[in-house]
Amino acid sequence: MNFLDVCKLHKSFGGVRAVDGVSFSVAPGELLALIGPNGAGKSTLFNLLNGQLHPDQGQILLEGQPLEGLAPREIWARGVARTFQIAQTFASLTVLENVQMVLLSASRQLFRFWQPAAQHQTLHAMELLAQVGMQGQAARACSDLAYGDVKRVELAMALASTPKLLLMDEPTAGMAAQERLALMTLVRQVARERRMAVLFTEHSMDVVFGFAQRVLVLANGKIIADGDPQQIRQHEQVQRVYLGVAAT
């Protein structure tokens with residue numbers, strides 16, 4: 001069974017069909033890239049998948065169970081985590097505390113004034129930080145980190161909810177080439193170990209063709225191609241509407 005099945009999804013804003021009959025699936029452990037020109041509908045599709053928007057028509061199934069109509073928190077609790085183009089961390093908290101906050105939320109523990117978050121699930125949080133190579137910086141405030149390290153903390157926070165599906169919106173935006181390679185190598189390793197499905201948007205073609213097992217190409221709200229990286233490179237319509245534009 002696929003982790004995610006999207007079936008004939010539609011979303012319009014006025015007369016604009018931002019997502020127009022989109023269907024695809026993501027398998028356990030698969031890294032699937034979603035690419036397309038600006039305005040193609042990528043952000044709208046992501047927002048439909050994690051509940052920030054509700055579809056006009058269609059189905060979103062996670063392990064056969066419908067997600068459409070659920071709130072983002074409910075979808076997160078069912079196993080869908082998300083990272084953002086601009087990393088979402090608590091800048092004033094330490095690296096360790098950022099991960100502990102998610103663990104507390106995932107376990108539905110209530111905060112008490114006499115029991116600060118720093119006392120909760122320290123071992124588990126440190127294990128997650130070790131997985132992303134950040135255990136040595138656990139005591140540092142996120143505001144003091146280099147951007148690539150902030151992205152690693154955000155990944156640890158996403159993994160803290162033990163997701164079945166990880167949505168990554170421009171995961172390497174603002175990163176140098178070496179940082180991009182290191183982060184995506186880590187994501188691929190974690191996805192394999194956990195059998196976690198990963199759907200990511202990305203403008204860097206070296207990341208897309210270097211790490212995605214499969215690539216979806218969206219244009220004007222429709223999927224115009226779905227294949228492995230080599231098939232996408234050679235796809236005439238993709239070259240015309242996206243890759244050709246990027247190369248000029």
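Numbers for residues simply follow the sequence, beginning at 1.
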Side-chain touch [X]/[Y], heavy atoms, less than 4.5 angstrom:
X    : Y    : value
F90  : M157 : yes
L34  : F46  : yes
D5   : Q59  : no
L159 : R194 : yes

Query raised in the report: Is there a path from F209 to I224 through hydrophobic residues (I, L, V, M, F, W, Y) whose side chains come within less than 4.5 Å of each other?
Result: yes
**Report entry** Within one Ile-Leu-Val-Met-Phe-Trp-Tyr cluster: L61 and V6, side-chain cutoff 4.5 Å
**Finding:** no
Can you tell me how far the [atom1] atom of [X] sits from the [atom2] atom of [Y], to the nearest 0.5 Å?
X    : Y    : atom1 : atom2 : answer
F200 : L31  : CZ    : CG    : 5.5 Å
R195 : E30  : CZ    : CD    : 10.0 Å
T44  : L49  : OG1   : CG    : 11.0 Å
D169 : E202 : CG    : CD    : 9.5 Å
L216 : L199 : CG    : CG    : 7.0 Å
L145 : R152 : CG    : CZ    : 11.5 Å

Requested in this report: Check the pair R82 / Q52 against side chain to side chain donor-acceptor pair (under 3.5 Å), numbers first and verdict last.
Outcome: CA-CA 12 Å; R82 181 175 179 178; Q52 291 181 313; 2.9 Å; yes
Query raised in the report: Taking all atoms of both residues into account, what is the closest heavy-atom pair of A91 and A141, and its distance?
Result: O-CB, 4.0 Å
Query - Salt bridge D228-R214, side-chain N to carboxylate O under 4.0 Å - result: no
Do [X] side-chain atoms and [Y] backbone N/O form a donor-acceptor pair below 3.5 Å?
X    : Y    : value
T201 : E170 : yes
D20  : G221 : no
Q100 : A125 : no
Q239 : R233 : yes
E68  : I60  : yes

Query raised in the report: Is K11 close enough and on-axis enough to F13, meaning under 6.0 Å and within 45°, for cation-pi?
Result: yes
Requested in this report: Begin from the C-alpha positions of Q131 and E193 and carry the test side-chain contact (heavy atoms from CB on, under 4.5 Å) through to its verdict.
Outcome: CA-CA 11 Å; Q131 196 167 19; E193 290 173 352; 3.5 Å; yes
